[in-house]
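Note sheet for the following structure.
Each chain gets a letter, A, B and so on, in the order its sequence line appears, and its residues count up from 1.
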Amino acid sequence: MSHEQTHTHAHGHHHAHEAPHHHSMKHGFWKWLSGWVTTTNHKDIGTLYLILSLTMFFYGGGMALLIRLQLFEPGARFFDPNFYNVLVTVHGLVMVFGVIMPAFVGLANWMVPMMIGAPDMALPRLNNWSFWLLPFAFTLLTLSLLVPGSGPNFGWTLYAPLSTTYGPPSTDYLIVAIHLMGISSVLGAINIIATITNLRAPGMTWMKMPLFVWTWFITAFLLIGAMPVLAGVVTMILFDRHFGTSFFNAAGGGDPIMYQHLFWFFGHPEVYIMILPAFGIISEVIPTFSRKRLFGYEFMVGAVAAIALLSYVVWGHHMFTAGMALGTQLYFMYITMLIAVPTGIKVFNWVGTMWRGSLSFETPMLFAIAFVVLFTIGGFSGLMLSIVPADYQYQDTYFVVAHFHYVLVTGALFSIFCAVYYWLPKWTGRYYDETLGKWHFWLTVISVNVTFFPMHFLGLAGMPRRVTDYALQYTTMNMVCTVGAFVLGFAQLIFLYNVLSTMFGKGKKADAKVWDGSHGLEWTLDSPAPYHSFTTPPTLKLISNEVEHKFEH
Amino acid sequence: MSEQRSHKKVIIIGGAAAAVMFMFCFAIVPVYSVICRATGINTSAPDTSLITPAELAAMKKPEDVTRNIKVQFVAVNNMGLPWEFYPRVNTVIVHPGKNAKVYFHAKNTTSKPMTVQAIPSMTPSESLGHFHKIECFCFRQQTLQGHESKEMPLVFQVDSDLPKSVRTITLAYTLFDVTPKATRKQS
């Protein structure tokens with residue numbers, strides 16, 4: 001992201017305002033490259049994360065379009081079934097580990113130090129390392145597609161024995177890639193915890209932290225708790241494949257069902273790793289464009305903590321049909337339903353924030369409102385899935401596909417769009433093109449529903465997921481899904497153009513406040529934000545008075 | 001300086017927590033089998049071969065001729081294992097407290113020696129603690145030369161503490177090919 005060479009400034013030391021060498025190729029390509037490779041600046045690393053995420057978004061999105069192409073009509077005419085399975089597997093892995101997670105980590109890198117009044121992240125070198133592991137991880141993942149025999153073809157869940165006894169040779173590449181991603185996430189999480197616990201500006205107490213900081217703080221604990229379990233379980237797969245162990249091999253006294261237990265013990269916290277930062281973003285954006293304070297701040301923090309705790313004890317709802325005692329099923333059913341309570345608190349408070357606010361509908365706010373509505377739909381289909389007897393019917397159908405795309409696309413991804421539009425003027429010093437932003441929003445929100453809403457009906461009608469071909473009666477709905485998917489895919493080019501043109505200097509200049517109702521420490525810095533955020537700790541009086549004046553009537 | 005130190009503390013605690021979670025993943029493996037055995041969730045618990053003193057006492061109870069328990073046998077080859085494998089009788093009717101003996105027929109249809117392991121599974125789960133195998137081919141791996149066949153015995157007893165509601169017990173064996181591992185061990 002090109003930082004402007006010329007900007008006015010009011011904070012910090014002199015060196016904070018010199019554009020670093022690697023922000024342009026003026027000093028030569030190698031200076032530029034080594035600058036980006038060795039950078040320890042939180043903004044640079046945040047930018048790298050976001051660019052990686054954007055690249056992976058089109059990579060995984062391209063695979064999604066190939067999947068929809070194959071499913072346009074029955075007959076499986078485009079790819080052979082195995083390649084289709086590879087597409088489904090890698091699409092899932094790329095979207096989860098390559099798009100959603102790096103985007104949130106990138107946002108945390110950019111925003112957390114600015115929001116808490118810190119000069120940088122607490123552990124800058126670790127930060128550099130945790131980013132630069134990722135390009136290698138995704139190169140390995142891509143290489144696994146080219147390994148003779150077949151790419152990974154067992155779904156993103158890597159269920160044993162598909163990944164052990166029947167796994168193609170490329171599985172080993174995938175396992176190492178997952179290890180790298182896991183190390184990267186854990187290091188990133190430790191860094192974020194260190195930053196938030198140690199580097200808050202004087203006067204920023206725990207209950208004064210912006211909600212995005214709170215949600216990331218809790219997410220970091222989820223990462224530390226969950227990612228090592230994934231690392232452990234893929235290590236067991238590696239052992240079963242090469243060292244003759246029988247963790248998941250029934251012939252040797254192991255149990256493939258145990259794989260599912262361990263995987264989902266990671267997998268369910270992972271789901272909340274991908275949604276809690278989204279909650280934080282929405283809780284920043286809605287107050288800004290409602291020109292009110294966030295309604296029920298304490299309850300929002302409590303709800304996030306409650307969701308995080310519950311996420312560790314509900315994994316069994318992913319495997320109701322895998323064979324489970326009746327009492328265990330009942331426990332998982334009720335405890336899963338319980339998550340709807342804190343989630344409901346959050347939705348209620350967002351609506352409460354908008355209630356009687358003076359709303360304006362810039363692109364970030366549009367995405368935030370769409371998030372609240374559509375994420376709630378995804379939450380409701382999740383509640384339907386939590387009911388054991390109903391789940392027996394929905395399990396492994398397109399209903400599940402519809403559910404998790406509603407929470408991940410219209411949930412996590414929408415919140416990322418929302419965050420990018422919201423903070424892009426702060427990052428680049430320029431407004432994005434509002435008209436293009438609105439086009440992007442409306443095309444996306446319509447096509448996302450055209451793509452994923454019919455999948456509910458397909459699932460209820462019995463179409464199984466992960467199939468390369470299907471029965472004739474599902475044709476119409478699948479055609480609708482595919483048309484929607486292509487509109488959705490190509491609408492993202494508007495986003496790409498809008499972001500890139502703003503980065504490279506098109507668009508109206510933004511002042512420090514950027515938005516009429518913006519609040520928080522990050523808006524006291526110039527736009528674009530200086531290379532080093534707060535070299536002297538800011539005073540909180542600056543913002544607390546402002547909030548009282550502006551929003552309390 | 002104090003700030004540096006507190007970063008170190010976070011790194012140590014965070015890193016230790018991550019390491020603990022990694023080990024926790026492996027610690028779950030024995031915990032998992034203990035839970036499965038204790039609750040009887042996993043009907044193929046490998047330790048069904050061991051007869052505990054309590055079970056022995058239950059087995060010593062006199063034969064209950066008033067009850068007839070139907071025991072059904074199922075044999076399955078795992079994923080295209082090229083063996084013939086089936087029970088000589090599909091069903092026997094036994095009185096609780098009396099030993100019974102049945103044979104399973106196994107034949108290696110390939111020309112190479114192969115080693116297999118049979119993994120049991122039993123329904124209903126209420127019968128798990130009351131069905132005792134005194135002798136079973138599933139206790140150890142079975143090796144047959146190419147085209148060799150064998151009648152493999154199973155001696156069992158259903159004890160008279162079996163819940164009254166259970167009238168039929170189904171015992172299923174799945175035959176797994178463990179040849180590659182066995183050869184690796186020998187070499």
Interatomic spacing from CD in B:Gln117 to CG in A:Asn249 - rounded to 0.5 Å
10.5 Å
Looking at A:Tyr166, I'd like to know if its OH atom is crowded, meaning that more than 12 non-hydrogen atoms belonging to other residues, nucleotides or ligands lie closer than 6.0 Å.
yes
Heavy-atom distance under 4.5 Å to chain B: side chain of A:Val229, backbone, both or neither?
both
CH2 of A:Trp132: more than 12 outside heavy atoms within 6.0 angstrom?
yes
With only heavy atoms counted, which part of A:Leu187 is less than 4.5 Å from chain B, the side chain, the backbone, both or neither?
neither
Heavy atoms from other residues, nucleotides or ligands near CZ of A:Arg125 exceed 12 (cutoff 6.0 Å):
no
Inspect the surroundings of OH in A:Tyr334 and state if more than 12 heavy atoms from other residues, nucleotides or ligands are less than 6.0 Å away.
no
Report the distance from atom NZ of B:Lys9 to atom OG1 of A:Thr197, rounding to the nearest 0.5 Å.
9.5 Å
Measure the shortest side-chain to side-chain distance between A:Phe265 and B:Ile28 over non-hydrogen atoms and say whether it is less than 4.5 angstrom.
no
Could you tell me which non-hydrogen atom of B:Val10 sits nearest to which non-hydrogen atom of A:Ile190, and how far apart they are?
CG1-O, 3.8 Å
To the nearest 0.5 Å, tell me how far A:Phe266 CZ sits from B:Cys25 SG.
11.0 Å
Quick check on A:Phe221 against chain B: is it the side chain, the backbone, both or neither that has a heavy atom closer than 4.5 Å?
neither
Please step through side-chain contact (heavy atoms from CB on, under 4.5 Å) for the pair B:Met21 and A:Ile224, ending with a clear verdict.
CA-CA 8 Å; B:Met21 288 311 288; A:Ile224 290 181; 5.5 Å; no
Quick check for you: to the nearest 0.5 Å, what is the distance between B:His7 atom NE2 and A:Asn198 atom CG?
5.0 Å
Could you look at A:Ile193 and say if it's the side chain, the backbone, both or neither that has a heavy atom under 4.5 Å from chain B?
both
Does A:Phe247 reach the side chain of B:Tyr32, with side-chain heavy atoms less than 4.5 Å apart?
no
Residue pairs involving residues 57-136 of chain B (criterion disulfide bond (SG atoms under 2.5 Å apart); sequence neighbours excluded)
B:Cys136-B:Cys138
Measure the CZ-CG distance between B:Phe24 and A:Leu262 for me, rounded to the nearest 0.5 Å.
8.0 Å
